[in-house]
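Below: one structure, written as structure tokens.
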Amino acid sequence: MTGQLGEADLQRMAKAGFRPVESDLGPALLDTAMRLGRATTVVTPLDITALRAQPGRPPAVLGALVRTPYRRKARNTNTGTGSASAAEFVAALPADEQLPFVRDRLMAEIAEVLGHPDTSRLDAEQAFGTLGFDSLTSVELRNQLSEFTGSRLPATVVFDHPDPASLARYLHAELLAQLEPGTGQDEPATPETRKVDFSGEIRLDESIRPEGDPGGDSEGDPREILLTGASGFLGAFLLRDLLRTTRATIHCLVRGSEEAEAWQRLRDSLRWYRVWDEMEGESERIKVIVGDLSLPRLGLGEEVFDVLARKVDVVYHNGATVHWLRPYADLKSANVQGTQEVLRLAARHRTVPVHYVSTVGVFAGGAAHGGPAKVTDPTGPGEALPSGYTQSKWVAEQIIGLARARGLPVSIYRVDVVSGDQDNGACQTRDFVWLSLKGLLQAKAVPDVDGGRFHMLPVDYVSAAVVALSQRTGTGAGRTFHLYNRSSLSLRTCATYLRSLGYELAETDHASWSEAVRADRENVMTPLLHAFDIMVSNTDAFYPPFDTGETDAALEGTGIECPELTEDLFRKYVEFFVEVGHFAPAPQLVEA
């Protein structure tokens with residue numbers, strides 16, 4: 001196809017950021033694209049450096065891939081309103097002009113954040129997700145709207161509204177609410193999300209009740225295991241440890257358009273976390289089931305669902321949709337209804353035990369008694385939890401409580417922040433701790449604050465503990481365990497360790513550091529600044545302590561203990577992040 005192109009043509013393409021598709025690679029790429037069954041797939045080698053060097057912003061379709069340093073142009077806090085505040089300016093407009101003004105201003109901000117030259121290509125009725133908003137751009141838009149309105153808007157404000165038109169109505173009401181009564185406010189300044197009645201969300205289908213006796217040997221030697229979330233971080237290590245400790249066939253529920261795609265997705269994840277080489281010899285015991293937690297019967301046909309319910313001896317329910325900005329309504333189908341479908345499968349024929357991986361985030365702050373939160377301390381309520389994700393996990397736990405009351409043996413494992421493997425340092429990159437530290441490296445600075453510490457659980461400890469607790473005869477089905485590391489690393493200690501590896505990290509005052517991060521669109525910490533500020537100012541509230549007495553007692557004699565967070569372990573994590581390109585190369589590691 002490109003045989004007639006001359007050298008000038010090839011150079012022009014290279015300057016535009018497109019590398020040549022080699023002859024032996026082109027047909028393979030075409031075959032891959034055809035197998036995916038997606039009409040819009042484009043596969044091409046890109047030269048990211050060349051794209052980044054182009055004048056202006058990159059094409060919108062590549063905006064998330066090619067982050068460019070961003071400096072907001074200087075502007076008056078109340079641009080478009082003269083010396084008046086935005087609220088005063090809007091209130092002074094004729095009633096029929098107020099909302100259109102706010103909507104036009106919002107659309108201009110959206111165009112700037114997304115890199116459009118104007119608003120002509122934007123539709124106020126189009127969903128934010130369709131417009132191209134992700135966590136980073138949604139928080140950037142929130143920051144600009146907070147500047148415009150003069151009020152601190154929630155980090156979730158974009159995801160709390162389906163489209164710009166509804167967000168404009170919210171902002172209009174928010175502005176008018178800042179003034180004295182009688183300024184024409186016709187609607188409350190609250191997001192247009194449906195108020196969730198969390199007590200009404202706690203319900204379990206009446207048909208989900210234990211049937212028959214437990215089948216197989218679910219504790220000692222199960223023959224068939226169902227694992228959800230195997231393609232995720234913790235799920236990869238749970239799969240590895242289940243292969244190590246049982247002779248069972250492990251059925252992994254994985255999303256995909258077909259089995260081959262789901263298998264590839266699972267293998268890619270296992271390779272990323274460095275566990276596939278160990279598993280490959282046992283791969284015949286891994287069976288991929290194409291499904292979806294957010295769909296009835298886990299996205300399986302009735303016959304497949306029933307066959308699975310008849311033969312599975314134990315279920316490890318680790319899968320969930322994790323997103324810290326999306327509201328409860330967006331996560332309910334996968335995290336709440338998906339849990340109900342798992343319980344439906346477990347109860348259908350033989351009362352199969354379920355091991356559910358939850359989060360310590362179901363607690364609304366620390367325990368009321370002031371000490372470490374115990375497994376028996378009350379959690380929630382949902383209204384008091386800070387995110388839709390923790391709310392969805394709390395509701396799922398309450399539904400499990402109903403299942404337990406009906407006689408289903410369901411154990412809960414509340415897990416704190418999970419860090420990398422102790423052997424090879426493999427970790428996930430989209431994690432608060434590591435994104436925060438990457439943001440420090442990008443800024444080449446750390447704020448001069450006394451607070452801030454990270455509690456981290458090595459992923460291989462978590463997986464080993466969950467599997468061991470689930471298999472120990474006598475630990476008792478239907479119990480709850482906390483997995484929490486009493487050891488921690490302070491922000492100052494992390495900075496010291498990073499400097500020892502040769503990274504440049506100046507110490508600056510917090511205000512200057514925060515402003516520098518906000519000014520750099522490429523800094524990954526931008527969406528996390530609010531959470532980071534809470535962590536460094538009130539770490540005990542951000543990372544409250546948890547009692548692990550039940551867990552420690554049940555693991556006694558297994559040799560499984562939560563490790564100390566040491567400099568050697570921290571270095572191993574950094575080595576992994578450097579190797580995969582998540583961190584810039586560390587000078588000391590390069591020399592070594």
Side-chain angles (χ1 to χ4, degrees), residues 232-245 272-275 278 318 355 357-361 372-373 375 413-429 431-434 436-437 452-472 475 481-498 500-501 535 539-540 542-580 582-583 586 589:
F233 182 33
L234 177 56
F237 287 85
L238 285 172
L239 177 56
R240 182 195 67 177
D241 288 347
L242 288 170
L243 287 172
R244 280 178 172 179
T245 60
W272 171 267
Y273 296 123
R274 313 296 169 83
V275 294
E278 179 182 341
N318 169 67
H355 299 281
V357 178
S358 186
T359 170
V360 294
V375 296
Y413 305 86
R414 293 180 184 142
V415 180
D416 198 16
V417 178
V418 181
S419 63
D421 179 35
Q422 296 175 79
D423 291 331
N424 56 41
C427 195
Q428 57 187 348
T429 57
D431 172 85
F432 174 77
V433 174
W434 303 115
S436 296
L437 296 181
R453 65 176 183 272
F454 301 111
H455 291 265
M456 297 181 283
L457 286 162
V459 64
D460 49 323
Y461 161 74
V462 177
S463 62
V466 169
V467 171
L469 291 169
S470 69
Q471 294 175 348
R472 294 208 82 185
T475 57
F481 301 95
H482 285 169
L483 294 165
Y484 167 81
N485 197 342
R486 289 185 288 271
S487 171
S488 65
L489 293 176
S490 70
L491 182 63
R492 288 188 182 278
T493 299
C494 290
T496 298
Y497 289 167
L498 289 170
S500 72
L501 293 171
M535 189 273 292
T539 308
D540 288 335
F542 197 82
Y543 284 125
F546 296 91
D547 183 87
T548 59
E550 298 262 351
T551 305
D552 296 339
L555 288 175
E556 188 173 355
T558 64
I560 300 172
E561 297 180 353
C562 190
E564 291 282 328
L565 296 174
T566 64
E567 183 174 3
D568 286 342
L569 185 57
F570 184 88
R571 180 188 177 104
K572 190 167 292 185
Y573 294 159
V574 173
E575 288 175 345
F576 173 79
F577 286 128
V578 169
E579 183 179 340
V580 299
H582 188 58
F583 280 6
L589 294 178

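Since we're looking at a predicted model, the values are computed, not measured.
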To the nearest 0.5 Å, atom CG of L234 lies from atom CG of N318 at 4.5 Å
Point to revise | Chi angles and distances behind the side chain to side chain contact (heavy atoms under 4.5 Å, CB included) call for F454, L437 | key: CA-CA 11 Å; F454 301 111; L437 296 181; 4.2 Å; yes
Margin query: Measuring only between side-chain heavy atoms, which start at C-beta, is V459 closer than 4.5 Å to Q428?
Written below: no
*asked:* Using only atom types and a distance under 3.5 Å, with no angle test, would you say the side chain of T493 pairs donor to acceptor with the backbone of L489?
replied: no
With sequence neighbours left out, the residues meeting salt bridge (charged side-chain N to carboxylate O under 4.0 Å, His left out) with E561 are none
With sequence neighbours left out, the residues meeting salt bridge (charged side-chain N to carboxylate O under 4.0 Å, His left out) with D431 are none
On a heavy-atom basis, the closest approach of A464 and D241 is N-OD2, 3.2 Å
_Tell me whether the rings of H582 and F577 are parallel (<30°), tilted (30 to 60°) or perpendicular (>60°)._
tilted
Near R244 CZ, under 6.0 Å, is it more than 12 heavy atoms from other residues, nucleotides or ligands?
yes
On a heavy-atom basis, the closest approach of H455 and S487 is ND1-O, 3.3 Å
Residues at least two apart in sequence or cross-chain that pass side-chain hydrogen bond (donor to acceptor under 3.5 Å, both in side chains) with Y573, listed by chain then number, are S419
- Query: Does a side-chain heavy-atom distance below 4.5 Å link F237 with V275?
  - Reply: yes
### Message
Run the side chain to side chain contact (heavy atoms under 4.5 Å, CB included) test on S500 and E567 for me, step by step, so that the C-alpha distance in whole Å, both residues' side-chain angles and the decisive distance to 0.1 Å come before the verdict.
### Response
CA-CA 10 Å; S500 72; E567 183 174 3; 3.5 Å; yes
Exercise. Determine yes or no for a side-chain-to-main-chain donor-acceptor pair under 3.5 angstrom, with N485 supplying the side chain and M456 the backbone.
Key: yes
One should read off an interatomic distance between E278 CD and L243 CG, to the nearest 0.5 angstrom, of 8.5 Å
Here the gap from L238 atom CG to Y413 atom OH, rounded to the nearest 0.5 Å, amounts to 10.0 Å
- Task: Give the C-alpha distance, both sets of side-chain angles, the deciding distance and a yes or no for side chain to side chain contact (heavy atoms under 4.5 Å, CB included) between L239 and Y273.
- Result: CA-CA 12 Å; L239 177 56; Y273 296 123; over 6 Å; no
All heavy atoms of N424 vs all of R274, minimum pair found to be ND2-CB, 3.1 Å
Separation between CZ (F583) and OG1 (T429), nearest 0.5 Å, reads 10.0 Å
Begin with the C-alpha distance, continue with both residues' side-chain angles, and end with the deciding distance and a verdict on side chain to side chain contact (heavy atoms under 4.5 Å, CB included) for L457 and C562. CA-CA 7 Å; L457 286 162; C562 190; 3.6 Å; yes
Minimal heavy-atom distance between A554 and F481, with the atoms involved, is CB-CE2, 3.9 Å
Here the pair of heavy atoms bringing V418 nearest to V415 is CG2-CG1, 3.5 Å
In this structure, CD1 of I560 is separated from OG of S463 (nearest 0.5 Å) by 8.5 Å
Between the OH atom in Y461 and the CD atom in Q422, the distance rounded to the nearest 0.5 Å is 10.5 Å
Between Y484 and the options V417, D547, T548, T551, the side-chain contact (heavy atoms from CB on, under 4.5 Å) test singles out T548
Could you label the plane-to-plane angle of the F546 and H482 rings as parallel, tilted or perpendicular, counting under 30° as parallel and over 60° as perpendicular?
perpendicular
Item checked: Within-4.5 Å side-chain heavy-atom neighbours: L469 and L555 -> yes
Tightest non-hydrogen contact, residues R571 and L501, listed as NH1-CD2, 3.4 Å
message = Please report whether the ring centroid of W272 lies less than 6.0 Å from that of F576.
response = yes
